[in-house]
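Throughout, a chain's letter reflects where its sequence line sits, starting with A, and its residues are numbered from 1.
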Amino acid sequence: MSVKVRFAPSPTGVLHIGSVRTALFNWLFARHNNGKFLLRIEDTDKLRSTKENINSIFEILEWLNINWDEEPVIQSSRLERHKELALELVERGKAYFCYCTPEELASKKELSIKEGRSYKYDRKCRDFKAKRSNIPAAIRLKSEIPGSTIVHDIVQGRVEIENSQLDDLVLLRSDGTPTYMLSVVADDHDMGITHVIRGDDHLTNTFRQIQIYKAFGWDIPQFAHIPLIYGPDGLKLSKRHGASSAQDYRQLGYLPEAISNYLLRLGWSHGDDEIISKSDAIKWFDLNSVGKSPARFDIAKLQNLNAHYIRERSNESLLELIKEFSCKSISEDSKNRILKGMNSLKERARTLKELAQAAEIYISEPLEFEESCKKYASPYHLDLLKEIVEIVENYQQIDEQTLCDRVKVLAKEKNTKLVEIAQSIRGALCGKLVSPSVFEIMEILGKTETIKRLQRYIATFAK
RNA sequence: GUCUCCUUCGUCUAGGGGUCUAGGACACCGCCCUUUCACGGCGGCAACACGGGUUCAAAUCCCGUAGGAGAUGCCA
């Protein structure tokens, strides 16, 4: 039997980075086994589900290159099927109508908590024989009471729970809408899902779902519950920790391949390999070596990986990518300059945002000079810069090597260190003291622009 | 409260009875390279939660304890 898995997000918000990892693991598992990866949108929570959220899920998966194999299943479109299924179970004596009102149940729950008992539905309506017409009723599963339910989870191993811990869960609400428990089981069955790979917050739900499978007499899929991702403080990663959705990281300037690589290594490993290409990931991925313990999200490691993948990208694609991170529009001239300087720029950037900022030196002259520049703007330094202006003016064209050699000679003549001159130039050209080689920048900027920036700097600090 | 799961450097992890003086990666620190910052190279710091067993031998197996997480919805 060929493998069929699904990723089933609910569009009640932006895609959490943990969900992205679930999607990735499902996708990798499908591709590794030559199986199918399906998408199901669990939009039964009408109040919180939005069209925008659905679109952003598609968009982010496409961005990550996680492609799906069939038309996505929209869960809300299967409402009638779910309803029929619930009724069918009642007919077969595996489920029953429950006439308890939410208020009634809430007060019972409150009471048991007050008395220090653990709450469970008391199965009051379990043995009513016939449907009482005209009274709104929910449908509950007549769950097994004796014995225990066992899951042989690919990641978690054998997990057993006493059936007495489970109560008669609601399959169909009194308003006629199906609950999550019914919908997942029905949809996974109808879609022919062979392996359910999801977050381990669903592990305890699995026991309830297995009872539903049994009530229908359906085959039970294999389960793999992967650990959740936690924040640096060990708590479930959320908005409190800052960036928590895939969109957040995209906007921060992370590359999809860096995110995939990072997420894959979180909780999974292949010997000492750290940099793992998509094709190796597909080749190597297996659920058995997914760890059971939760992992903390470490932004520094993601940054390191991102820096690596930035260096691997072509200069052209990087230029394309930084456009949306640049606050300035980039002219054709600037594009050419950035492209020339990209090799040096991309070596220094950990994110596209940083890259875009660093590239600004080729877009326009510095709008302001950082405080640190003042150290290299003393009358002494300005005099040196005047010499540089003269030197540059004497060349027809300037190139990095010649310039570097010539300035080294100047340093010797003036009995000063090269760093003193270079840092003044850097400040004048970039407005800050961190950048690629100043001689490279001068060459790319060209004679006219270089002189212009140097003179503006001299004029600014001469007062 | 009850149930379930987890616990190796700060973080992600390797390891599955002897090869562990516990390996790698990120981070951090130092040195080298060097016009700054990076890249790169070399080196360093740093962990088997605790307590009992089992065994000739335990990071590895068993039992407790502690800590952490998740689930306990007519949410998904």
Below 4.5 Å, heavy atoms only, C-beta onward: do [X] and [Y] meet side chain to side chain?
X         : Y         : result
Leu264(A) : Leu28(A)  : yes
Arg198(A) : Phe223(A) : yes
Ile388(A) : Val407(A) : yes
Arg426(A) : Val438(A) : yes

Inset, instruction - State, to 0.1 Å, how close Ile229(A) and Gly18(A) come at their nearest heavy-atom pair, and which atoms those are. - result: CD1-CA, 3.8 Å
Under 4.0 Å: is that the gap between some side-chain N or O of [X] and OP1 or OP2 of [N]?
X         : N       : result
Lys301(A) : rC12(B) : no
Ser269(A) : rA14(B) : yes
Ser174(A) : rC74(B) : no
Arg173(A) : rA76(B) : yes

If you check every side-chain atom of [X], which of [options] has the closest atom?
X         : options                   : answer
Arg348(A) : rG24(B), rA38(B), rC39(B) : rA38(B)
Ala295(A) : rA71(B), rU13(B), rU35(B) : rU13(B)
Lys292(A) : rG70(B), rC12(B), rC6(B)  : rC6(B)
Val170(A) : rA76(B), rU35(B), rC74(B) : rC74(B)
Glu274(A) : rU72(B), rA25(B), rU36(B) : rA25(B)
Arg140(A) : rC39(B), rC74(B), rU72(B) : rC74(B)
Arg208(A) : rA76(B), rG24(B), rA71(B) : rA71(B)
Val434(A) : rG40(B), rG70(B), rC37(B) : rC37(B)
Ala138(A) : rU36(B), rC74(B), rU2(B)  : rC74(B)

Between [N] atom [atom2] and [X] atom [atom1], what is the distance in whole Å?
X         : N       : atom1 : atom2 : value
Trp268(A) : rA14(B) : CH2   : C1'   : 13 Å
Gln75(A)  : rA76(B) : CD    : P     : 8 Å
Leu266(A) : rC12(B) : CG    : P     : 8 Å
Leu418(A) : rU36(B) : CG    : P     : 8 Å
Leu237(A) : rU11(B) : CG    : P     : 16 Å
Glu347(A) : rU36(B) : CD    : C1'   : 14 Å
Arg313(A) : rC39(B) : CZ    : C1'   : 20 Å
His225(A) : rU4(B)  : NE2   : P     : 16 Å

Inset, instruction - Between Tyr230(A) and Gly291(A), name the one whose nearest nucleotide on RNA chain B is closer to the 5' end. - result: Gly291(A)
Inset, instruction - Find which nucleotide of RNA chain B each of Pro436(A) and Asn304(A) is nearest to by heavy atoms, and output the residue with the more 5' nucleotide. - result: Asn304(A)
When the [atom1] atoms of [N] and [M] are considered, how many whole Å apart are they?
N       : M       : atom1 : answer
rC5(B)  : rA25(B) : C1'   : 27 Å
rU65(B) : rA22(B) : C1'   : 25 Å
rC33(B) : rG41(B) : P     : 16 Å
rU60(B) : rG73(B) : P     : 38 Å
rG51(B) : rA69(B) : C1'   : 23 Å
rC63(B) : rG10(B) : C1'   : 31 Å
rC37(B) : rC28(B) : P     : 15 Å
rC20(B) : rA58(B) : C1'   : 12 Å

Legend entry - Side-chain donor/acceptor contact of Ser293(A) with base of rU7(B) under 3.5 Å: no
Inset, instruction - Record whether the side chain of Arg265(A) comes under 3.5 Å of the base of rU13(B) through a donor-acceptor pair of N or O atoms. - result: no
Legend entry - Side-chain (Gln211(A)) to main-chain (Glu144(A)) donor-acceptor, under 3.5 angstrom: yes
Inset, instruction - Could you tell me whether a side-chain N or O of Asp248(A) sits under 3.5 Å from a main-chain N or O of Ser244(A), the two making a donor and an acceptor? - result: yes
Please work out if [X] contacts a base, only the sugar-phosphate, or nothing of the nucleic acid, heavy-atom cut-off 4.0 Å.
X         : answer
Val438(A) : base
Asn205(A) : base
Thr12(A)  : nothing
Glu420(A) : nothing
Leu433(A) : base
Ser183(A) : nothing

Given that both distances must come in under 3.5 Å, which nucleotide forms a Watson-Crick or G-U wobble pair with [N]?
N       : value
rG64(B) : rC50(B)
rU55(B) : none
rC33(B) : none
rC20(B) : none
rG70(B) : rC3(B)
rC39(B) : none
rC26(B) : rG10(B)

Inset, instruction - Using a strict 4.0 Å threshold on nitrogen-to-oxygen distance, state whether Asp383(A) and Lys414(A) make a salt bridge. - result: no
Inset, instruction - Measure from NZ or CZ of Arg21(A) to the centre of the six-membered ring of Phe25(A) and say whether it is under 6.0 Å with the direction within 45° of the ring axis. - result: yes
Legend entry - Polar contact flag, side-chain donor to acceptor under 3.5 angstrom, Asn26(A)-His195(A): no
Legend entry - Syn or anti for rC39(B) (syn when the glycosidic angle lies within 90° of 0): syn
